[in-house]
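Per chain, numbering begins at 1; letters A, B, ... match sequence-line order.
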Amino acid sequence: MTLAVDGSETTERQAQDFRDRASAVVSEVGKFIVGQREIVRDTVVCLIAGGNVLIEGVPGLGKTELVRTLGRAIDLRFSRIQFTPDLMPADITGTNVVMDGTDGQRTFRFEPGPVFANLVLADEINRATPKTQAALLEAMQERQVTVARDVHVLDPPFFVMATQNPIEMEGTYPLPEAQVDRFMFKLVVDYPTSGELSEILDRTTGAAQPEVARVATGDDLLAMGAFARRVAIAPHVGSYVVDLVKSTHPQDPVAHELTRQYVRYGCSPRAAQSMVLAAKVYAMLDGRYNVGFDDIRAAARPSMRHRLLLNFEAEADGVAAEQILDAILMSTRRAGD
Amino acid sequence: MRVARPTFPVHGADLPAFRWASYGADALEQRLIPLARRWQRHRTLQDAPRLLTTGFGVALLLVLVGAALGASRPMAAIALGIAAIPAFVLAGRALVAPPPLAAALAYDRRLALFERLSTAIAGSRADGHMRDLQRSDALRALDGVNATLAFPYRVPRSDLGMLALAAAALLAGVLAATADVLPRVGGRQPSSALAERLSATADGSAPALVDPEVLAQIDQIRAAMAELERQRDPDAATAALAAEAAGEALRRTSEARRLGRALDSGDFQAAAAEARELAGQLAEMNSTRMDDLAQGLRQASERAAGFDPGLSDQLREASEALGRGQLADARSALERLAEEIGTVGTTIQADRGLEAQLDQLARQLAEAEGAAQGAMPGADGDSPGDAAAATGEAEGQAGAGPEGGSAMTGGGESAASGRALDGTLETLAPEQRLNVEGEIEIVEVKPTEAGAELIERPILELGPSGSAGFEASAGDRGFAVGRPDVARNVPLDMLPMMDRYFSAP
């Protein structure tokens with residue numbers, strides 16, 4: 001896929017190529033992952049938009065398998081980091097090791113860690129201590145790693161796909177707010193339905209194992225991301241995004257009633273950026289060249305649910321971020337309402 | 001004189017009405033012109049009944065104030081003038097051209113076009129080729145727009161009912177306000193059949209001493225009743241049956257249970273809101289949930305088909321769109337269904353309101369006629385309801401009725417249909433009674449064998465009674481709130497506890 005901006009016909013061909021390639025990736029992943037169509041779609045959307053994904057769910061729901069399959073369907077350098085309580089930051093970023101030279105002199109040489117890949121699977125990220133979790137901060141936002149005052153730039157594309165267990169579980173450390181904010185989407189994986197469970201049994205306990213073909217490359221993802229950014233968004237749709245984010249700020253005059261009652265800190269501007277970028281990809285996948293309100297609404301929950309910091313009253317009343325977001329989505333007016 | 005152009009609120013900003021003639025519209029906007037005008041007329045028609053109803057209400061208020069101040073006629077004339085103002089306002093509004101963006105937003109929303117039109121009209125920061133493609137896409141979407149279906153020229157039936165009600169109230173108010181003037185001015189005499197009948201007594205010797213105001217009042221009530229009867233919607237009863245049938249079918253599905261319950265209970269506002277909520281949730285539904293919803297809608301459509309084809313069609317369309325897996329169509333169909341439910345609901349509510357008013361007027365008519373007849377020489381009944389004394393409780397003046405009815409006191413209309421009987425009603429045997437036609441029929445009342453049988457129930461283990469085996473039970477004593485499954489036969493010993501802890505739903 002080329003990034004050249006030629007005539008409208010070329011752009012239309014690029015759009016068709018975009019849809020074909022994204023569908024192929026989703027289709028390949030679907031060979032391994034039963035059901036969870038929205039999770040697969042949203043994960044691919046994040047990859048195209050260049051964002052990091054946080055996938056939450058109890059163990060055994062296929063979170064890791066999903067990311068591994070994506071790594072196989074797209075020709076990317078893949079690495080996996082299993083987060084444990086004794087994992088250290090240097091285990092992620094890499095470190096300087098002392099090398100003996102042929103002339104007898106000893107020099108430091110940087111040994112890159114597993115973060116130096118295109119697609120990094122941070123498995124069970126909340127099993128590690130906050131200090132180790134924070135080792136990914138710079139890589140996720142600035143696509144670089146600083147070790148001993150030396151800056152090492154990561155090769156594009158770079159994605160972090162982290163899985164985490166629900167924070168109520170034993171032996172987990174909640175992610176720092178600054179790190180959570182760097183995830184474009186937080187996706188919540190639920191238990192499969194009865195039909196899906198039967199399908200999982202059929203696929204995984206038989207002799208034949210499906211093969212995953214490589215249908216895209218890292219360059220394709222970069223080109224698709226750049227192309228999606230060209231999708232039109234009208235001012236009134238942009239205003240809707242702003243209104244949604246402002247509704248999560250408890251001190252804002254337009255804040256929702258539930259926000260004032262239960263939210264300590266609202267969503268950052270990154271939430272708005274995530275929503276718009278994801279909505280543009282949704283629009284392209286749907287065969288449109290403009291963002292609609294429904295695209296924004298589809299992107300709102302995964303973009304904002306992890307960026308709402310609730311207060312103690314919310315915890316006491318058992319109010320979840322999703323409930324507040326639902327109320328905000330219901331009450332925020334769109335142009336033409 | 002410069003007249004301020006009307007404005008259209010669009011997302012917090014007031015856009016001025018548009019002057020197409022002084023604007024170089026491009027191809028897209030040229031195509032949008034007739035659609036925008038249609039939308040504006042549709043909106044005007046939608047709002048017309050409410051605006052006119054408000055005008056009539058204000059006019060009625062003026063009529064009442066005029067009657068209280070003793071200036072009925074001039075105030076009635078002013079009121080009629082005020083009632084006409086909304087009509088002029090509406091006519092003017094229908095001619096105003098809406099701004100292109102407002103019209104594009106309306107069509108985007110109505111036809112689920114995902115803001116294609118409004119983005120093309122409002123513009124964006126997209127590069128030239130992408131903008132061209134977006135506009136082409138918008139034009140293609142515009143090709144598929146059926147404006148007649150999207151914004152039909154149709155006045156909401158429910159609002160129309162309210163308008164007719166307000167018009168009738170204003171008419172009655174004007175008549176009532178001028179009623180005290182007309183007899184004095186024109187020397188109006190009672191002309192109704194009842195007045196003629198009341199103008200002579202049974203022996204025809206003495207003229208009736210009936211207050212003309214009472215007769216005029218009777219005429220007004222009858223006129224109002226006739227008007228209300230004319231306004232009743234003959235389809236309302238079948239629409240209620242359709243809603244009930246559809247609700248019963250939808251209640252059995254997990255996805256549309258709340259919609260079904262709302263329809264079944266006659267809470268149409270809640271039902272419309274549920275349908276809209278379902279439309280909003282479609283994107284989050286998996287295929288199983290969609291199938292369940294589609295099946296429920298299809299069954300509801302089949303159940304409602306015999307009563308209300310309109311509601312049935314909307315249910316079927318939503319079911320078919322879901323079956324095809326076309327989310328946009330399904331969402332649009334569900335929104336149309338919500339609108340149809342709202343329309344049906346308000347039609348039924350309006351009809352019920354009319355029915356209640358008719359009942360009230362019937363009572364007033366009975367009282368007025370009773371008062372009129374009470375003024376007649378020789379009439380000593382208190383009210384028409386005394387005609388019910390034919391059950392034998394009344395006595396006196398046998399043979400006073402024109403057909404020699406047996407025990408008629410007073411003069412209710414039902415007295416004339418009484419059949420002469422031999423003897424007195426007190427002689428009726430215990431197994432005899434009058435049926436609803438006023439005729440004697442023989443009724444045998446004796447218990448059947450099944451009725452006399454003692455039905456025995458096993459006692460519950462929890463019961464404090466120590467008696468073993470069986471004892472009589474009280475059966476079905478209420479329901480636990482939210483736990484309908486606990487309805488069961490309860491031993492008599494449990495009744496006080498049930499009364500204390502459980503309440504009827």
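- Proximity to chain B (any heavy atom under 4.5 Å) is restricted, for A:Arg37, to the side chain, taken from C-beta onward.
- Proximity to chain A is absent for every atom of B:Glu277, based on heavy atoms less than 4.5 angstrom apart.
- Figure legend: cation-pi geometry between A:Arg305 and A:Phe185 absent, as NZ or CZ is not positioned both under 6.0 Å from the six-membered ring centre and within 45° of its axis.
- Most heavy-atom pairs under 4.5 Å with chain A, from the set B:Ala120, B:Ser118, B:Ala106: that is B:Ser118.
- Residues forming a ring pair (Phe, Tyr, Trp, His ring centres under 6.0 Å) with A:Tyr262 (at least two apart in sequence, or on another chain): none.
- For B:Arg331, the part lying under 4.5 angstrom from a heavy atom of chain A is the side chain only.
- Between the side chains of A:Thr259 and A:His249, not a single donor N or O lies within less than 3.5 Å of an accepting N or O.
- In this structure, the portion of B:Arg109 lying under 4.5 Å from any heavy atom of chain A is its side chain and not its backbone.
- Neither the backbone nor the side chain of A:Arg297 has a heavy atom closer than 4.5 Å to any heavy atom of chain B.
- Under the 3.5 Å distance criterion, with hydrogens and angles disregarded, no donor-acceptor pair is assigned to the side chains of B:Gln134 and B:Arg131.
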Practice item. Go through the steps for A:Thr332 and A:Asp243 under the test side chain to side chain donor-acceptor pair (under 3.5 Å), then give the verdict. Key: CA-CA 7 Å; A:Thr332 305; A:Asp243 289 347; over 6 Å; no

